[in-house]
*Asks:* 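Here it is, the structure in full.
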There are 2 protein chains.
Amino acid sequence: MTRRPYARLTDVARAAGVSLSTASRALAEPDLVLPATRSRIQDAVARLGYVPHGAARALASRRSRTIGAVVPTLENPIFATSIQTLHQRIASAGYTLLVGSHGYDLDAEVQVVSALVERGVDGVLLVGLDHSPELYRLLAKAAIPFEITWATDPSRIHYSLGFSNRLAAASVAQHLMELRHREFAMISGETTSNDRARERVAGVREALAAHGLELPAHRVLEIPFSIAAARAALGRLLDAGERFTALVCGNDVLALGALLEAAARGIAVPHQLSVTGFDDIELASEFSPALTTIHLPVADIGHIAAERMLTRIGGGEVPRLHEIPVHLVVRASTAPPPRINERVRNSTKSGGRLPSRAAVRTGRR
Amino acid sequence: MTRRPYARLTDVARAAGVSLSTASRALAEPDLVLPATRSRIQDAVARLGYVPHGAARALASRRSRTIGAVVPTLENPIFATSIQTLHQRIASAGYTLLVGSHGYDLDAEVQVVSALVERGVDGVLLVGLDHSPELYRLLAKAAIPFEITWATDPSRIHYSLGFSNRLAAASVAQHLMELRHREFAMISGETTSNDRARERVAGVREALAAHGLELPAHRVLEIPFSIAAARAALGRLLDAGERFTALVCGNDVLALGALLEAAARGIAVPHQLSVTGFDDIELASEFSPALTTIHLPVADIGHIAAERMLTRIGGGEVPRLHEIPVHLVVRASTAPPPRINERVRNSTKSGGRLPSRAAVRTGRR
DNA sequence: TTGTACGCGTTATCAA
DNA sequence: TTGATAACGCGTACAA
């Protein structure tokens, strides 16, 4: 007898004096085994410290009890949180989570998904609709159920769970217009290969257009999702002499950067400038001024995604499209625009000083 | 011939007119196969869209090319970021990342690790030294290499990669004492089953003690890692009439909460109160006032952890203990303490008002 | 350089 | 209710 470092099911069976199949059954379908035999087997399992061999199981059963989730980046707390709740839910169902991130690079994403497919994941969760055609082919060929999250696919070609980024963004613009803003600027994430960012910009544009307003291209800055980049972006807009009373940001991280830059330049939010975010991360409500933003039920998304995936893997049916309600949360960062002569037109070099409502310079061209 | 949805290596071999083993070899050790045969095989692979079957591979080779990482929570951006860099590094080496989180619950952690062991991960990354003995037993029995991160194990019983949380925290206290602070308070994460938090409190205590100062228990609040909890905690300290000029926070998230609460109460940081953090997340440097904190090379940690694990899996050797340099970053949230009559002693109910340096109330007992 | 044949640990089918 | 036995897809000594 070869000395093995671990016990396999055969060893358990022998120790319990039953056949391999009975041992297997006792673990998979305990009810089909007599209580007496079952407990002998369970004793043996405990005594030998038997741990099932996942690969062997996966090979024989053609199920890995593993789910893959691919996000653009974990640095956005919004993805990190949803991954977290996703993991909790599937773990309680005996599933394990394989994660990957691609940094908004669609080709990198194909590699990541390919690795997951190789591992035989039972399902894949993706973010958004923008993916390489190759990725879709890969998944289709492997016949692995997958789901789009953070966006909805109105065509219902794919299973999707999310909300309309366009409508949500439009409601932000709507809110600002109701406050009587007419001059807008926007700081967005890169829109190439990011349908969520693109839709948000489009949503704002559409809402404005419906009221005869426009959002010119030079007032929409596309930048990486970082506070530093957002600060710099607002700085560029101001330094360029752009005139706007409302700044719409693609997400809360960008909005936070804008708020910090505004504070550093002595621009009063919301009195001189209104700022909005998207996501409603924890800081949004705790920051001062508290951020007007779109609230997303992040934990719900992870949870529901898990639920849908588990039922599909189990052979159940779910509606192709699951729309999650999102809503605008009005807080302290938005207010009616200042009167003409109080507007922000260019940068104030005098960093820390708190400006009085009247102390605004004239813009250089 | 059964109609299969996918191609296996046998199919590739047949299509290329070679034996199964040759096909296998062509993929694993291309150099051992004649260029001509090799390319025939590669053609077949491409034509059939062959994707290796991970489970079968793992079963035969006894390696899953999968690494597990278990963190307390992904909500702390510091863990999310390191997981991200970890993933990048191991993915480029053909490995996949299995993640798990346990929410600071040691028993839950055992379950998570157990699931990873079942999946046959080739290595496991853990955070900190506090783990259930059962977890250590599990890993030892399965003979899976594992590594402690975010902390060092001076005893060198385990492989570890990190820094001394105690010394780092002590250096924060040292800095504050050099500024002539003598009255301290601390907001920490829960120290039960969290050695990092415990060590940080201990580090501050020791440093103070070395100068004859103390940090009484009632001035150390242990709370969940959230901004809201931190705000509430500072509120409680102030409302209780505690007198302190320096507030040491267990990490940056807590410190941010403290800064926000101080601002809301009209307490000037750093003039009336000095506040410090730990981690140096992006917001720490962008916030106003910028936060004095301990800088951790987060990306490096993920990267080095990956490197060490990969060499160990490959049979290589690495030093048991890898110490990462961390250092204090002094920013705008710390300054010498105010003169006696300017100290913060209790809460100011008049939220938004900015107090002049002299406008501080007398504490109620 | 290539091929044969067995083993990896489990599930699933079928018969007893 | 239990037990034989054939897959599952690939790696790898060993032989050719």
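Atoms considered below: every heavy atom in the structure, side chains included; atoms not considered: hydrogens, waters and symmetry mates. Numbers restart at 1 for each chain; the letters A, B, ... are given by sequence-line order, proteins then strands.
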*Asks:* OP1, OP2 of C:dG3 versus side-chain N and O of B:S21: anything below 4.0 Å?
*Replies:*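 Answer no for this pair, as no side-chain N or O of B:S21 is under 4.0 Å from OP1 or OP2.
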*Asks:* Please report the distance, rounded to the nearest Å, between CG in B:L27 and C1' in D:dC10.
*Replies:*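 Those two atoms, CG and C1', are 11 Å apart.
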*Asks:* Does C:dG3 have OP1 or OP2 under 4.0 Å away from a side-chain N or O of B:T22?
*Replies:*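 Yes, because at least one side-chain N or O of B:T22 sits under 4.0 Å from OP1 or OP2 of C:dG3.
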*Asks:* Contact between A:L126 and A:L135 at the side-chain level, heavy atoms closer than 4.5 Å - yes or no?
*Replies:*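 Sidechains of A:L135 and A:L126: in contact.
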*Asks:* B:R14 CZ to C:dG3 C1': how many Å, rounded?
*Replies:*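 So the CZ-C1' distance, B:R14 to C:dG3, works out to 16 Å.
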*Asks:* In whole angstroms, how far is the P atom of C:dG9 from the CD atom of B:E118?
*Replies:*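 Distance, rounded to whole Å: 15 Å.
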*Asks:* Answer with yes or no after comparing the ring centroid distance for B:Y136 and B:H158 against a 6.0 Å cut-off, counting only values under it.
*Replies:*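 Ring centroids of B:Y136 and B:H158 are less than 6.0 Å from each other.
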*Asks:* So for A:S19 and D:dA4, does any side-chain atom that can act as donor or acceptor lie under 3.5 Å from a complementary atom in the base?
*Replies:*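 By the distance-only test, no, there is no pair.
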*Asks:* Look up atom CD1 in B:I301 and atom CZ in B:F79, then write down how far apart they are to the nearest 0.5 Å.
*Replies:*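 Those atoms lie 9.5 Å apart.
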*Asks:* Mapping A:L34 and A:L20 to their closest nucleotides on DNA chain D, which lands nearer the 5' end?
*Replies:*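 The 5'-side residue here is A:L34.
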*Asks:* Quick check on D:dT2: is either OP1 or OP2 less than 4.0 Å from any side-chain nitrogen or oxygen of A:T37?
*Replies:*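 Yes.
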*Asks:* Using heavy atoms to find the nearest nucleotide of DNA chain C for A:Y6 and A:R25 separately, return the residue whose nucleotide is more 5′.
*Replies:*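 Nearest-nucleotide comparison on DNA chain C picks A:Y6.
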*Asks:* Can you sort out which residues in residues 44-63 of chain B have a heavy atom within less than 4.0 Å of DNA chain C? Ascending by number, please.
*Replies:*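 By residue number: B:L59, B:A60, B:R62.
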*Asks:* Roughly, in whole Å, what's the span from CD1 in A:I41 to C1' in D:dT1?
*Replies:*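 It is 11 Å, rounded to the nearest whole Å.
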*Asks:* Let me confirm one number: the CG-OG1 distance from A:L86 to A:T81, rounded to the nearest 0.5 Å.
*Replies:*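 Here the rounded value is 12.0 Å.
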*Asks:* Hydrogens and angles aside, do A:S19 and A:T22 bring a side-chain donor and acceptor to less than 3.5 Å of each other?
*Replies:*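 Yes, A:T22 and A:S19 have a side-chain donor paired with an acceptor closer than 3.5 Å.
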*Asks:* Starting from C1' on C:dC8, measure out to CG on A:L9 and report it in whole angstrom.
*Replies:*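 So the two atoms are 14 Å apart, to the nearest Å.
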*Asks:* Answer with yes or no whether the side chains of B:S132 and B:E109 bring together a donor and an acceptor at under 3.5 Å.
*Replies:*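 No, B:S132 and B:E109 have no side-chain donor paired with an acceptor closer than 3.5 Å.
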*Asks:* Rounded to the Å, how far apart are B:E29 CD and D:dC10 P?
*Replies:*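 Rounded to the whole Å, the gap is 17 Å.
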*Asks:* Any donor-acceptor pair under 3.5 Å joining the side chain of A:T10 to the base of C:dG9?
*Replies:*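 Side chain to base: no pair below 3.5 Å.
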*Asks:* Do A:L27 and A:Y50 come within less than 4.5 Å of each other through their side chains, counting heavy atoms only?
*Replies:*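 Yes, their side chains come closer than 4.5 Å.
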*Asks:* Would you mind reading off the distance between B:R119 atom CZ and C:dG9 atom P, rounded to a whole angstrom?
*Replies:*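 It works out to 18 Å between those atoms.
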